[in-house]
Amino acid sequence: MKKGDHLFLVDGSGFIFRAFHALPPLTRKSDGLPVGAVSGFCNMLWKLLTDARDTSVGVTPSHFAVIFDYSSQTFRKQLYDAYKANRSAPPEELIPQFGLIREATRAFNLPCIETEGFEADDIIATYARQAEAIGADVTIVSSDKDLMQLVTPNVHMYDSMKDKQIGIPDVIEKWGVPPEKMIDLQSLTGDSTDNIPGVPGIGPKTAAQLLEEYGDLDTLLARAGEIKQQKRRESIIANADLARLSRTLVTLRTDVPLDMALDALVLEPQDGPKLVGFLKAMEFGTLTRRVADACGCDAGAIAPAEVKVEWGESARGPDLDPGDSDGPPEGITVVDGAISGAVEAAPDALPAQGPHEGTTPADLAKARAELFAAEKIDLSSYVAIRDVATLDIWIAAARETGLVAFDTETTSIDAMQADIVGFSLAIADNTDDPRGTKIRAAYIPLAHKAGTGDLLGGGTVENQIPLAEALLRLKDLLEDPSILKVAQNLKYDYLLMQRYGIVVRGFDDTMLMSYVLDAGNNAHGMDSLSERWLGHKPIAFKDVAGSGRTGVTFDMVDIDRATAYAAEDADVTLRLWMVLKPRLTAQKLTTVYERLERPLVPVLARMESRGITVDRQILSRLSGELAQGAAALEDEIYQLAGEKFTIGSPKQLGDILFGKMGLPGGAKTKTGQWSTSAQVLEDLAATGHELPRKIVDWRQLTKLKSTYTDALPGYIHPETRRVHTSYSLASTTTGRLSSSEPNLQNIPVRTAEGRKIRTAFISTPGNRLLSADYSQIELRVLAHVADIPQLKQAFSDGIDIHAMTASEMFGVPVAGMPSEVRRRAKAINFGIIYGISAFGLANQLGIERSEASDYIKKYFERFPGIRDYMDATKATARENGYVETIFGRRVHYPEIRSSNPSVRAFNERAAINAPIQGSAADIIRRAMIRMEPALQAAGLSARMLLQVHDELIFEVEEGEVDKTMPIVTQIMEGAAMPAIDMKVPLKVDARAATNWDEAH
DNA sequence: CCCCAACCGTA
DNA sequence: GTACGGTTGGGGG
């Protein structure tokens, strides 16, 4: 070694303990050997070496050694019997790992150094001083304060956990004294972990103050009588000998006899095959691949090294095949290559069915559910990760197990507006056999703020990983498709991370899994799932951040409380996955989940993030017009009523109409009030009263104003200047999406007044809005599932379906058919889809119930297949408790057997409707999933923006409209294929214009 | 501040 | 008769 060389000394023992305590327990897959600390150690060492060999960093070691404690008597123990006496024995799982870690060091081709009778710190001290004397630089890889006494201008420490160099100023900042006084300081303060006594009552602050005043320990002890504070003075005088003993104990020896000279520590090149062999023996798949890649060797060709361990029997039997091979729903051929590219494959680290867990998927699912229901969730085990190195260890652990639950905490419920505040992770040590599995969860705070202390709103809380560093690591984790990320309502996190430049790949969503399994049975929010499956009530958000006036954003929440809340969410999510995943398999619903639910997450996230332009001016002008119209009507209404009242109050309106004015009341609401519904008012208007008509008009205008023209501008995003709705994938029972904040699925279209609102939805300059909607999709689905010859024929021939129905029923020729006849047939057709009742049809058509009953009877005579379908659907619903769409989606009706006839009838109608509405919903979902790849393949830049149940709206460059239209139409019309070969063609109408009204 | 009923916009 | 979400008024705490 010569001047200018650089020696790295790694505190191996420190590494081991930090790796062990920071990491979830990990066991070797094949025999249950605990290897968590080995894994952490190897990952840390690999990272250190790759960073250190990276010459761009500037610190390049020429010499390198890993130093361990030798596990026997040390000279300190001989000197002071109580030294480290309060240390408990190392944990049982750690014992076999000590030897493995030394093996690992050798596999890394690094000197592995230990000397009997001395601690690692003394060896490090000896090497450091020797190297320094030659004129070399030294980096001690440790953050242990016991080593800080060694720091000089040429000797630095490096805290790999925090990725931080520790030099003289850092020691002074931390302890208030320079490194050369660390010995004196420690002599006074002692060290409870090593059982070094020190002087009672003197802590680091006092010690630093005393050393500042008296210079050094000897002077202080000699002049102790001068100390003003009585207690302090007496304690120091009485314990001077303890201080001197402590000094001997904390002073590191620099005269340890060394087996290896400095020159022997020269950093050798990596021996790739040797290291790969070791890592393979440990079954560290990810690190093995990385090392093999970096060293340019073929991992497959290298045999696992033979590693001897003092660890006898195998803890568990061999793993079985993953039990994840469920077939498609009955009668459905799934050869759906067209969309496979859009679905990320999950890694195979899925629950295998162990023999103890039962032999059928259903047994496994049951066992899982029972296991997790019985296990108590321990909130005290959660940790906050506040340094990069610990985060790296967790991420490495996620890589090893291939499975991690993930959740973000932000400042807003709206993913388009939210800023990330932190995120949480949960990891299971054994994803193959959850019996006895330990789940570890952590919260990583990133942007928590200190209280609202001053006018500036308080500062940032210290010791949070810088956002940019965290995002870099998060990107690695989230974008790696080989690591399965599990989230609850992933679309939120997906959208959020997308805004930070991260695209999540390889994921599951417990909310969607529950939706597929239990639509109709229960809600799919995390709190309800947790209570249902884990018997655990998670901490309520409002208990952490408050709500309403006293509520705060999550960045204002204290980190300890935030950790409990956030880590619990990740923990619960992982547990839910463990319960729900095998249920998907057992119920043969994996295909539905993987084809119809999961792939839609990125699609919807992109649609939401694109948003649509809404013209403020148009809305503002409309709002003014509506206000004028409403004001004029109000005057007239007050005139007619003879007094002022709150027109918008149905109660007050009822009193005026049916009390004061004595009009004949029609229907009553379920609370016994007179109904003032539009239907009732229309009926009154038909009898010649003026007021009801004006109320109806007033309601229309105020409705349009309050719900649309006034509300929509408030949803324009401050930065994108567009409106971003939020789609819910799991809030309808049938499989439809829902839209909220704002709801863009109920923008008016029926009346001319209402349609004006659609003109405010516009394309940006140079573009067009393209609207494509399915024609009569639900009736087509009905024709398919009920197999009705006349309907199939009519759709194939492209004739007017309602006219055909009327013609069949009433014997009226289609040509020259009166519009009233067609209207009635149309109402019946819709009635059928809704699970017709004579009561409902009579209501709809304003005819007698008996007449409606006759219509229905006639309809069933003409289309007996429909009655058969309805009866069969009701029967299956009653028998199974659920019905299915043509793609196998299940919709449950737990109350279908209710003894209450109206409850039962309601459930029957819903059960009849669900396969029709739900199959149509599945079809458009399939179209949406295929749409983006199809457009891309055609080289088109069209962006899908909105979905309104049977309609898709795109923004298309002006010049691409003609090419886009046939692609969109074709994807939509072919969306059922090849899973279902529809007996009826699907038809799509498409139009493009500069606003939604004209495009529709 | 929260919740419900009534009403009404969409498919 | 199916499936939703938003606004208002009004009652309760």
Side-chain angles (χ1 to χ4, degrees), chain A residues 519-520 542 546-551 645-654 667-681 695-696 698-708 710-712 714-715 725-728 731-751 753-755 757-758 773-774 776-779 782 827-845 849 852 855-856 870 891 893 902 905-918 920-921 924 946-951 1000:
Chain A
K542 67 173 182 339
S547 68
R549 192 171 47 80
T550 51
F645 66 102
T646 307
I647 307 172
S649 164
K651 187 168 133 60
Q652 291 185 37
L653 177 63
K668 293 248 183 115
T669 70
K670 63 179 164 198
T671 52
Q673 298 265 329
W674 287 114
S675 169
T676 64
S677 68
Q679 181 64 61
V680 170
L681 299 182
I695 301 284
V696 169
W698 179 88
R699 277 189 181 163
Q700 191 200 11
L701 299 189
T702 53
K703 168 89 175 177
L704 293 176
K705 184 171 185 289
S706 66
T707 308
Y708 304 103
D710 288 353
L712 279 172
Y715 288 102
T725 184
S726 175
Y727 288 104
S728 172
S731 60
T732 72
T733 49
T734 55
R736 272 193 179 180
L737 304 180
S738 76
S739 157
S740 64
E741 292 181 329
N743 181 354
L744 296 186
Q745 290 180 326
N746 71 345
I747 302 302
V749 70
R750 290 180 211 205
T751 66
E753 277 298 299
R755 268 202 302 279
I757 289 162
R758 290 200 170 213
D773 67 302
Y774 282 108
Q776 308 285 7
I777 188 170
E778 293 191 353
L779 278 175
L782 175 69
I828 293 167
N829 277 333
F830 276 103
I832 295 297
I833 290 169
Y834 297 153
I836 204 154
S837 76
F839 179 83
L841 183 62
N843 250 342
Q844 176 67 30
L845 288 175
R849 184 126 53 118
Y855 283 177
I856 294 168
M870 290 180 143
V891 184
Y893 292 95
S902 69
F906 175 77
N907 277 274
E908 285 172 354
R909 290 193 298 271
I912 287 167
N913 172 255
I916 303 168
Q917 190 186 111
I924 197 167
L946 303 176
Q947 189 250 39
V948 190
H949 309 306
D950 64 0
E951 176 188 15
H1000 184 75

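All figures in this text were calculated on a predicted structure; none of them were measured in a lab.
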For [N], does either OP1 or OP2 sit under 4.0 Å from a side-chain N or O belonging to [X]?
X      : N      : value
A:T676 : B:dC7  : yes
A:R750 : B:dG9  : no
A:T671 : B:dA6  : yes
A:S731 : C:dG5  : yes
A:S649 : C:dG10 : yes
A:R736 : C:dC4  : no
A:T732 : C:dT2  : no
A:S677 : B:dC8  : no
A:S738 : C:dG5  : yes
A:T669 : B:dA6  : yes
A:Q679 : B:dC8  : no

Would you indicate which nucleotide in [options] comes nearest to any side-chain atom of [X]?
X      : options              : value
A:Y834 : C:dT7, C:dT2, B:dG9  : C:dT2
A:Q917 : C:dG10, C:dG1, C:dA3 : C:dA3
A:T707 : C:dT7, B:dT10, C:dA3 : C:dT7

Nearest 0.5 Å please: distance from the [atom1] atom of [X] over to the [atom2] atom of [Y].
X       : Y      : atom1 : atom2 : result
A:L737  : A:L946 : CG    : CG    : 11.5 Å
A:I833  : A:I912 : CD1   : CD1   : 12.0 Å
A:H1000 : A:I747 : NE2   : CD1   : 12.5 Å
A:Y708  : A:N743 : OH    : CG    : 7.0 Å
A:I777  : A:H949 : CD1   : NE2   : 12.5 Å

Length of the line joining [X]:[atom1] and [N]:[atom2], which is rounded to integer Å:
X      : N      : atom1 : atom2 : value
A:Q700 : C:dG6  : CD    : C1'   : 17 Å
A:D773 : B:dT10 : CG    : P     : 15 Å
A:I924 : C:dA3  : CD1   : C1'   : 14 Å
A:E778 : C:dC4  : CD    : C1'   : 13 Å
A:H949 : C:dG5  : NE2   : P     : 9 Å
A:L704 : B:dC7  : CG    : P     : 18 Å
A:Q947 : C:dC4  : CD    : C1'   : 12 Å
A:N913 : C:dC4  : CG    : P     : 10 Å

Counterpart base for B:dA6, defined by Watson-Crick or G-U wobble contacts under 3.5 Å: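 In the structure as shown, B:dA6 has C:dT7 as its Watson-Crick or wobble partner.
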Do you know the tightest heavy-atom contact between A:S731 and A:S738?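 What the structure gives for the nearest pair is OG-OG, 2.9 Å.
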Any base atoms under 4.0 Å from [X], or only sugar-phosphate, or nothing? Heavy atoms, all strands.
X      : result
A:G831 : base
A:S675 : sugar-phosphate
A:E951 : nothing
A:E741 : sugar-phosphate
A:S728 : nothing

If you go through the side-chain atoms of A:N743, does one of them form a donor-acceptor pair with the base of C:dG5 closer than 3.5 Å?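 Looking at the base of C:dG5, it does not pair with any donor or acceptor on the side chain of A:N743 (distance under 3.5 Å).
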Look at the side chain of A:T725 and the backbone N and O of A:E741, then say whether any donor-acceptor pair between them is shorter than 3.5 Å.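 It does not hold such a pair.
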